Each structure stands twice: as C-alpha cells, then as structure tokens.
Amino acid sequence: MRRLLVLLTAMLSVGCTAPTADPVTVELDVPEAGIAQPLEQHVDLGAEVTLRITSAVDDELHVHGYELHIVTPAGETVEEVFEADMSGSYEIESHQAGQVYMNLIVS
Ligand SMILES: [Cu+2]
C-alpha cells in the first residue's frame with residue numbers, strides 16, 4: 001500500500017510539472033507618432049507575461065494568436081497578464097494606427 005502511494009505521488013508530480021520559465025514583464029511605450037518599425041521581444045514558453053503598455057494616444061492593441069484586445073486610454077498605463085503557452089511569433093498590432101508595434105516571439 002505504501003509503495004502504491006509513493007508510485008502514485010511520483011506519477012502525479014510528473015504530470016503536474018509546469019514549465020519552469022520565470023515570469024516576465026514586457027514594456028511597450030507608444031509615442032504619439034506610433035512605432036514605424038516593429039520591436040522584437042522574446043519571452044520563454046510557459047512564462048507568465050505581464051504586458052505593460054503606455055500609449056500617448058487612445059488605442060486598441062490586438063495580440064494576434066492569443067487574441068487579446070487591450071484598450072489603452074491616452075497617457076494611462078495598462079497591464080495585461082497572460083500565460084505564454086503557445087510558441088511562435090505573434091504580432092501586437094494597433095487597430096488605431098494600423099501598425100504592428102511589436103513581434104512577441106515565444107519559444
Ligand atoms: Cu489585429
């Protein structure tokens with residue numbers, strides 16, 4: 001019985017192993033003129049990402065793939081927290097300016 005319990009515990013802890021990526025904060029400051037050349041930002045797969053955005057203009061940002069829509073009132077700092085659980089390159093696009101501000105690379 002004791003042996004069975006040990007085995008079960010071992011199996012459960014393997015099954016529950018979470019990615020060991022550290023949480024990360026990604027800052028995105030958008031000036032009034034926007035961002036002509038997309039920034040590039042890498043985050044580790046499995047990391048908890050805090051996206052901290054400060055925009056000089058009213059905007060709505062779309063994180064492609066993760067399908068986050070983030071409203072950013074002018075001059076305010078907005079935070080969006082999500083789990084980077086899909087690998088790939090994801091555009092963070094302004095639906096106001098029609099520009100890609102950042103490519104978020106998850107790997
Ligand atoms: Cu979009």
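Quick note: numbers below take in every heavy atom, side chains included, and nothing from hydrogens, waters or symmetry partners. Index from 1, following the sequence. Note that the structure is a prediction, hence the values are computed from the model and not measured. Numbering of ligands and ligand atoms starts at 1, following listing order.
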Q.
Under 2.8 Å from the Cu ion (ligand 1), is there any N, O or S atom belonging to E91?
A. no
**Q.** Angle subtended at the Cu ion (ligand 1) by OE1 of E93 and NE2 of H95, nearest 10°
**A.** 90°
Q. With under 30° as parallel and over 60° as perpendicular, where do the rings of F82 and Y66 fit, or are they tilted in between?
A. tilted
Q | side chain to side chain contact (heavy atoms under 4.5 Å, CB included), paired with V49, selected from V43, T25, V106, V81 | A | V43
Q) Checking E76 side chain against A74 main chain: does a donor-acceptor pair fall under 3.5 Å? A) no
**Q.** Option from L51, N103, I70 for which side chain to side chain contact (heavy atoms under 4.5 Å, CB included) with I92 holds
**A.** L51
Q.
Can you check the angle at the Cu ion (ligand 1) formed by NE2 of H64 and ND1 of H62? Round it to the nearest 10°.
A. 90°
